[in-house]
2 protein chains.
Amino acid sequence: MLLSPARRPAAHRPRARIAAAKGRRKSTAPGISTGHRVTIIENNVRQRAEEPAPITRRTLHDEIVTRVRDMIIEGRLAPGTRIHEGQLGQALGVSRTPLREALKFLASEGLIDLVPSRGAVVRRFTEKDVRDMLEVLAALEALAGRLACIHATDEEIAELRALHEAMIAQYAARNRLEYFKLNQRIHSAFALMSRNAVLVATHDNIQARLKRIRFLGNETPEKWQSSIAEHEEMVAALERRDADALADVLARHMHNAWERIRSVI
Amino acid sequence: MLLSPARRPAAHRPRARIAAAKGRRKSTAPGISTGHRVTIIENNVRQRAEEPAPITRRTLHDEIVTRVRDMIIEGRLAPGTRIHEGQLGQALGVSRTPLREALKFLASEGLIDLVPSRGAVVRRFTEKDVRDMLEVLAALEALAGRLACIHATDEEIAELRALHEAMIAQYAARNRLEYFKLNQRIHSAFALMSRNAVLVATHDNIQARLKRIRFLGNETPEKWQSSIAEHEEMVAALERRDADALADVLARHMHNAWERIRSVI
DNA sequence: TTCAAGAATGCTGCATACAGAATTTCGCAT
DNA sequence: ATGCGAAATTCTGTATGCAGCATTCTTGAA
């Protein structure tokens, strides 16, 4: 019903199941990767702020978390949708146990609500919720900007500039999806350059919740224009390492973001 | 081993199990409640920012989340401890399934790490982790303070003042635990008065991670003294509804908090 | 005595089974 | 037709079983 035709749960062959799920993922979920690779910024943070083991062996519930999260963000699971453990499990080709574990995780992230003995519901954000999130995000990005002015390397700043130029190119081409991805990436880059892992995690969490709404809000290229001007200011401020100016424009950018997306709530 | 003498898992009687767990909770875990009740502040927020249904029917995994979270915060599960699903499950009198679900939730909250096929480990915070958390918390509280100046009712402010006075009384009595609880409660109150549910949730999450460390940091009453002076400033600023002053003192308070606790990391 | 390879044990990851709550359906009376 | 109530169905919540990975223990050789 949701992903692929329901399949018989071939009894108890766990490893094969994982492989199947992984294989299918590539074909159905396009992922968030963009052609333009940010290596310096991301690597610097991984190296300095996170754990040293990059050997990511994914478990099933882990895989399911990203799958379902993507489904919600991409709108394939609409807000208000009741998540049916049996059906979704069948659609994903997994049993209910890891799926339920994944749902608990997503509930903690705030993407779904867990109603006792009635299951999980994709969370619907009210207008106030969105404003609240943007308000917090503004404060977090302002902090990130200040820290980035202190900690970012010249290399990273150059790469951010490159990302910005790439985004402008996508704007010129009216390529909405790629424009949006680069836009989000730039915001994440500020968080990463702060060298504060907690800030990165918190920022990512809230940004993820807003992702779909912000994407929908960027409907017309006219709306992108003002956003781009602010981005230009942001990059310039970082290049000057002017923390106050950067924090100011980031906060302003978030405020304007609300104006841009309020119509789609 | 951990909570109560291991008991036979009397086969499959779920509801009785819940009742047993609830009953036992009261007797073993003292909870975080303080004699002094904050009603106005908390009710106002519940009423305006959260869901309208206060009929909390707790499921088992939900109960386990709070139990295990408390165990970590109270230090009965020390950082670095490997969480043994079988043992902990027996100690809590529940099967592994809801326990595992609870662990996924706590992992998302950042209190434990999940290592594939090796289970859960109570997260150990480095010095940098703590500084990062305080840095973010400072930004969040500064925002909360600004918003509180706008949204708080006079009633709420009066109640905050009462909380503050109560905290001073506990200080005078050298009652460390009660002092600490009121202290945390005051910080939460600022978040609540912001009328921003996302801010409240984010703040609570980070505050919970820091709780144990901050408690340990408050070892000597001398350390409390400076903290109290800042609190006095905070309350006064809110009474004047002076957002800039409040944001400033909150940020300063967080900075000093680091000085107070850095020795116990 | 030390080290290494293999056996044994223990634990996690996932699937499935079962009980009870929620919801729907259906019969019946109004 | 419509509203009500009970049976039936569906789904969630929890327990348990099984397979494979990790770790520890054991044993044999250098």
Side-chain angles (χ1 to χ4, degrees), chain A residues 1-2 6-22 53 55-65 67 81-107 112-122, chain B residues 1 6-22 53 55-65 67-68 81-107 112-122:
Chain A
M1 173 211 180
L2 284 164
R7 53 179 59 194
R8 281 296 77 220
H12 216 229
R13 213 164 297 138
R15 290 303 145 194
R17 194 66 55 80
I18 288 182
K22 277 189 179 170
I55 320 137
T56 48
R57 201 177 5 162
R58 306 189 64 112
T59 60
L60 197 41
H61 50 257
D62 216 5
E63 188 76 22
I64 296 172
V65 164
R67 285 282 285 279
T81 304
R82 185 157 156 198
I83 293 179
H84 210 285
E85 293 175 0
Q87 286 175 21
L88 184 56
Q90 253 195 346
L92 293 170
V94 300
S95 85
R96 287 177 52 219
T97 307
L99 175 58
R100 282 176 58 84
E101 292 176 354
L103 292 179
K104 297 294 174 296
F105 199 93
L106 291 171
I112 64 179
D113 284 328
L114 252 35
V115 187
S117 64
R118 250 192 297 176
V121 177
V122 179
Chain B
M1 171 213 179
R7 54 180 57 194
R8 281 297 79 220
H12 217 229
R13 211 165 299 138
R15 290 303 143 191
R17 192 65 55 77
I18 287 182
K22 278 190 178 169
I55 320 138
T56 48
R57 200 177 8 163
R58 305 186 65 109
T59 61
L60 197 40
H61 51 256
D62 215 7
E63 188 77 23
I64 297 172
V65 165
R67 286 282 285 279
V68 178
T81 304
R82 183 157 156 200
I83 292 178
H84 211 287
E85 292 177 359
Q87 286 175 21
L88 184 57
Q90 252 195 347
L92 293 171
V94 300
S95 85
R96 286 176 53 222
T97 307
L99 175 57
R100 283 175 58 83
E101 292 177 354
L103 292 179
K104 299 294 174 296
F105 199 94
L106 291 170
I112 63 178
D113 285 327
L114 252 34
V115 187
S117 67
R118 249 193 299 177
V121 178
V122 179

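For the pair A:Leu60 CG and D:dG20 P, the computed distance is 15 Å after rounding to whole Å. Rounded to whole angstrom, the span from the CD1 atom of A:Ile112 across to the P atom of D:dT12 amounts to 12 Å. If you take CG of A:Leu88 and P of D:dT10, they are 19 Å apart, rounded to a whole angstrom. The CD atom of B:Glu101 sits 12 Å away from the P atom of D:dT12 (whole-angstrom rounding). Atoms CD (B:Gln90) and P (D:dT16) sit 11 Å apart, rounded to a whole Å. Note: CD1 (B:Ile64) to C1' (D:dA15) measures 12 Å, nearest angstrom. Nucleotide D:dG13 holds its P atom 16 Å from the CG atom of B:Leu99, rounded to whole Å. One can place CG of B:Asp62 at 17 Å from P of D:dT12, the figure rounded to the nearest angstrom.
Taking all atoms of both residues into account, the shortest heavy-atom contact from A:Ile64 to A:Ala102 is CG2-CB, 3.6 Å.
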Provide a list of protein-nucleic acid N or O atom pairs under 3.5 angstrom, restricted to nucleotides 8-12 of chain C.
from   : atom 1 : to      : atom 2 : distance (Å)
C:dC11 : OP1    : B:His84 : NE2    : 2.7
C:dC11 : O5'    : B:His84 : NE2    : 2.8
C:dT12 : OP1    : B:Ile83 : O      : 3.4
C:dT12 : OP1    : B:Glu85 : N      : 3.4

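If you run side chain to side chain contact (heavy atoms under 4.5 Å, CB included) between B:Pro98 and each of B:Val65, B:Leu92, B:Leu60, only B:Leu60 comes through.
With sequence neighbours excluded, the residues that form a side chain to side chain contact (heavy atoms under 4.5 Å, CB included) with A:Ala120 are A:Ile83, A:Leu103, A:Ile112, A:Leu114. Scanning for side chain to side chain donor-acceptor pair (under 3.5 Å) contacts around A:Arg82 gives an empty result, with sequence neighbours left out.
B:Thr59 contributes no side-chain N or O that forms a donor-acceptor pair with the base of D:dT12 under 3.5 Å.
Of the side-chain N and O atoms in B:His61, one or more sit less than 4.0 angstrom from OP1 or OP2 of D:dT14.
Here B:Glu101 contributes atom CD and B:Asp62 contributes atom CG; the two are 10.5 Å apart, rounded to the nearest 0.5 Å.
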